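By convention here, the first residue in the shown sequence is residue 1. Keep in mind that this is a model prediction, so the values were computed, not measured.
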Amino acid sequence: MMIDFWVLGAGLLGLWLVARSFYRLYLHPLAKFPGYKFTALTHWYEGYYDVVKKGRYVWEFERMHRKYGPIVRIGPNELHILDPGYYNTLYSMTNRIDKYDWFYSMMGNPEAMFATIRAETHKARRGAVAPFFSMRAVTAFYPHVQGGVTRLVNRMEECAKRGEPIPLFYAYRCLTVDIISEYVFGGQFGLLNRPDWGRDFYSAWRSMWELSPVIRQIPILMDIMMAMPRWVTAMINPKGLEVVDLFAAVDKQTKTLLEETSESKIRAKPYPTVIWEVSRSDVLPPEEKTLRRLSIEANSLLAAGFETTAAVLSLLTFQVVSHPEVYKKLVDSLEKEIPDPNNMPDWQKLEKIPYLFGVVKESLRMDIGPTGRLARVNRNQPMKYKDWVIPAGTAVGMSALYIEMNPDVFHDPGSFLPERWLEPGARERLEPYLATFGKGSRSCVGINLAYAELYSVAATIFRRFSNLEVYETTERDMEAYHDYFGGMTRHERDGLKVRVKK
């Protein structure tokens, strides 16, 4: 009888798989859309490229589009569109549609604002956070940004005196972590003071990003990992242990802020402390302001606030130093506009320096930002792309990789050309296609803080150092090779390093 039961169970499972496969290939609302049959059948095709080949699925899209055209079925219920002209239509301010839960499951928890699936929930959560990242709020916080940059430059000068190379890959991440932790928690993590330049901290976050494609395939994995005793996680998956410990550290920091910090101490600061303010927001109901939910939000803000900006800074520095003519033009323009390197203007004045503006914009373009396809779902009504009617409930995404590296929009896209942003009418023509911060109602809430950091760092470093050289770093070390939502380098060595020439 037991054997008969298992035979019956196996038979029913096989029948279900055959029926599901037939449905997805021939009866599914997306059956008429072009694409590989295997991508229509299962998410395993994506799993192969993202788990086995480590975040390479987004680059496979190019081959699909070459074969099938501008709209392709990349999953059982998902389409990808390659058409720069459609980007601002899909990601518009008025297009308040949901995120695709399958794609964003890699983030681990939809309770954070960024990973929130439903548009109406996201609107409330963003409404509580956004005021503290406004231009006015960031301007009040800016002296602390510049203070962090000054600390970084001082440490770079110490390295120069000793003739040591400067590991800017880590240094920039130390800086951005200290800045965002100060803003979110009201206290820095102090990475810029660490002898290891924050390597262990970065290793923990990198472990989480490398696990993200696996979590997308097996969403329950994150819950299991967080629920397991620490010693079990250490034995099974040391990288998972780094993630668990990192989350625990942020939980502790959030708890300390909310339960042990006096309100008078917070109010005495000239700038807001984000998590504290959100915990007292009138926009959110009580269930959105629990310690657990706010700790998740803090984790998300910390992750979003350090890696992306540091990655742009790494690429910016590498490209400037690797192109002597760009380096000279930038240094000359900064010396002209900033007579005293010890008295730096604020970021809103810095962005008015034309060549610096071009360098920052071109670095943002070449860094790409989120290489992932940012899939959206309109659950209520169909969408339209050219002659295609996309059924309601379908996930549709577009990768910024194919916008910012499109030769029809940005001529010679593989070259670093700050001048392209200084041509007459260039800003109006190119800005709509700069997708590094996303577009629409789900665009990056921290864009003003990111720009403040980018202009402050670029201006300060290149005003103080006119004699940097790249050290033991190649184009291969800088290439975004893995898609862990954002493009990440191979990290075979220690990333960007420079030294000060004597």
Side-chain angles (χ1 to χ4, degrees), residues 24-25 27-43 45-46 49-50 57-107 110 114-123 216 368-404 406 409 432-433 435-444 483 485-486:
R24 286 182 171 179
L25 286 174
L27 302 178
H28 193 279
L30 298 188
K32 63 183 178 181
F33 286 84
Y36 299 147
K37 297 297 183 186
F38 199 58
T39 62
L41 284 173
T42 176
H43 290 293
Y45 190 81
E46 176 180 350
Y49 279 95
D50 272 354
Y57 192 44
V58 71
W59 283 275
E60 174 68 2
F61 296 169
E62 184 176 12
R63 190 156 66 99
M64 296 182 188
H65 284 292
R66 278 203 306 265
K67 182 173 182 179
Y68 293 112
I71 187 166
V72 175
R73 188 179 182 183
I74 62 168
N77 191 45
E78 185 176 0
L79 301 171
H80 185 269
I81 295 174
L82 197 162
D83 182 347
Y86 191 71
Y87 195 86
N88 286 288
T89 299
L90 179 60
Y91 304 105
S92 71
M93 286 301 295
T94 57
N95 210 1
R96 294 188 179 276
I97 52 181
D98 295 346
K99 288 186 172 181
Y100 183 31
D101 51 0
W102 159 261
F103 177 75
Y104 286 92
S105 63
M106 69 177 291
M107 300 299 174
F114 178 79
T116 301
I117 303 302
R118 295 289 183 175
E120 59 271 20
T121 307
H122 172 268
K123 182 180 179 182
R216 185 185 288 143
I368 308 298
T371 44
R373 69 260 194 188
L374 309 185
R376 302 288 189 262
V377 179
N378 191 326
R379 303 181 191 278
N380 301 316
Q381 59 187 25
M383 293 189 288
K384 190 173 182 181
Y385 170 69
K386 293 186 175 179
D387 295 331
W388 293 93
V389 177
I390 301 169
T394 300
V396 185
M398 298 181 69
S399 169
L401 175 67
Y402 298 107
I403 308 298
E404 296 175 348
N406 190 304
V409 179
Y433 301 101
T436 314
F437 295 104
K439 297 284 185 179
S441 60
R442 301 276 192 137
S443 62
C444 176
D483 170 34
F485 184 79

Exercise. Checking side-chain contact (heavy atoms from CB on, under 4.5 Å) for the pair T39/M64: CA distance, chi angles, key distance, verdict?
Worked result: CA-CA 11 Å; T39 62; M64 296 182 188; 4.1 Å; yes

Problem set entry | Test log, rule ring pair (Phe, Tyr, Trp, His ring centres under 6.0 Å), inputs Y45 and Y49 | CA-CA 7 Å; Y45 190 81; Y49 279 95; 5.3 Å; yes

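Atoms CG and CZ, from L25 and F38 in turn, are 11.0 Å apart once rounded to the nearest 0.5 Å. Taken from OG1 in T394 to CG in L79, the straight-line distance is 6.0 Å, to the nearest 0.5 Å. Within the model, atoms CH2 of W102 and CD of E78 stand 9.5 Å from one another, a figure rounded to the nearest 0.5 Å. Here CD1 of I117 is found 5.5 Å from CG of D101. Values are rounded to the nearest 0.5 Å.
Relative orientation of the Y402 and F61 rings is tilted, given thresholds of 30° and 60° on the angle between their planes.
Residues G486 and T371 approach most closely at C-OG1, 3.4 Å, considering heavy atoms. Contact between D98 and R118 at its shortest, heavy atoms only, is OD2-NH1, 3.0 Å. Closest approach of V58 to S399, counting heavy atoms only: CG2-OG, 3.5 Å. For L90 against V396, the heavy-atom pair with the smallest separation is CD2-O, 3.9 Å. Looking at every heavy atom in both residues, Y57 comes nearest to I74 through OH-O, 2.6 Å. A400 and A435 make their closest contact through CB-CB, 3.8 Å (heavy atoms, listed as atom of the first residue, atom of the second, distance).
Judged purely by atom type and a 3.5 angstrom limit, N406 has no side-chain atom pairing as donor or acceptor with the backbone of P84. In this structure, the side chain of N77 engages the main chain of G393 through a donor-acceptor pair within 3.5 Å. For the pair R216 (side chain) and F103 (backbone), a donor-acceptor distance under 3.5 Å is present. Using modelled atom types, one side-chain atom of E404 and one backbone atom of T436 make a donor-acceptor pair closer than 3.5 Å.
Considering only heavy atoms from C-beta on, L374 comes within 4.5 Å of F485 through its side chain. Counting heavy atoms from C-beta outward, K439 and M398 have side chains that stay 4.5 Å or more apart. Looking at heavy atoms from C-beta onward, F33 lies in side-chain contact with W388 at the 4.5 angstrom threshold. Inter-residue side-chain proximity for L401 and D483 is flagged as unmet; no heavy-atom pair is nearer than 4.5 Å. In this structure, M383 and R376 have side chains that are not in contact, with every pair of non-hydrogen atoms separated by 4.5 Å or more. For the pair H80/H65, a side-chain contact is recorded, criterion being any heavy-atom separation below 4.5 Å from C-beta on.
Between Y36 and Y68, a ring centre-to-centre spacing shorter than 6.0 Å is recorded.
Judged purely by distance below 3.5 Å, without hydrogens or angles, the side chains of Y385 and D83 pair a donor atom with an acceptor atom.
A salt bridge between K123 and E120 is absent, with no side-chain N of the basic residue lying under 4.0 Å from a carboxylate O of the acidic one.
By the 6.0 Å and 45° rule, K99 stacks over the aromatic ring of F114.
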